[in-house]
Amino acid sequence: RGFARGLVMDGEWNSIVTLDLQPGEVLKIHAAAGAGKTTVLMDYVRRRPHQQFMYIAYNKSVQVEKEQAFRNAGLRNVSVSTMHSIAYQATRDVHRGAPGFELKTNRDVAKAVDR
């Protein structure tokens, strides 16, 4: 069966898209740029419409591009984030100076270590 950009499902592709992961397991696909990683992922996600997926992009422009690609493919069960965005979400109280999360100066840290 043919796919985007003339890609054809082969044994490796099939072994990825038919792999059922358990909760908490991670699937990483390493391949050269333009090799079809996103296309394979879209096939994987399309086969599992009731599951939620996260695509981690390495920068904001890739995030925007992939969000558009998933949306255009009608795949609403994928969230796209950058690693920086994920880290910020986990530490946003620190960045906003919320009570109990006061940032220390280097001098404050040095004094605490010297005690």
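The residues of the chain are indexed from 1 along the displayed sequence.
How far CG of Leu19 is from CD1 of Ile16: 8.5 Å, rounded to the nearest 0.5 Å. Put simply, NE2 on His84 and CD on Gln89 are 14.0 Å apart, with the number rounded to the nearest 0.5 Å.
No donor-acceptor distance shorter than 3.5 angstrom exists from the side chain of Asn77 to the backbone of Gln52, with no hydrogens or angles considered.
More than 12 heavy-atom neighbours from other residues, nucleotides or ligands sit within 6.0 angstrom of CD on Gln68.
What you find for Val17 and Tyr44 is that their closest heavy atoms are CA-CD1, 3.5 Å. Ser81 and Ile86 make their closest contact through CB-CG1, 3.9 Å (heavy atoms, listed as atom of the first residue, atom of the second, distance).
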Return a table of donor-acceptor pairs under 3.5 angstrom between the side chains of residues 54-62 and protein atoms on other chains or two or more places apart.
from  : atom 1 : to    : atom 2 : distance (Å)
Asn59 : OD1    : Ser61 : N      : 3.2
Asn59 : OD1    : Ser61 : OG     : 2.9
Asn59 : OD1    : Val62 : N      : 2.8
Lys60 : NZ     : Gln63 : OE1    : 3.4

Kindly list each side-chain donor-acceptor pair under 3.5 angstrom involving residues 24-36, sequence neighbours excluded, with atom names and distances?
from  : atom 1 : to    : atom 2 : distance (Å)
Glu25 : OE1    : Gln22 : N      : 2.5

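Hydrophobic clustering of Ile, Leu, Val, Met, Phe, Trp and Tyr side chains at less than 4.5 Å, counting indirect connections, unites Leu21 with Phe53.
Listed by chain and residue number, Asp20 satisfy the side-chain hydrogen bond (donor to acceptor under 3.5 Å, both in side chains) test with Arg48 (two or more places apart in sequence, or in another chain).
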side-chain contact (heavy atoms from CB on, under 4.5 Å) for Asp43 and Thr39? Distances and angles first, verdict last. CA-CA 6 Å; Asp43 189 21; Thr39 303; over 6 Å; no
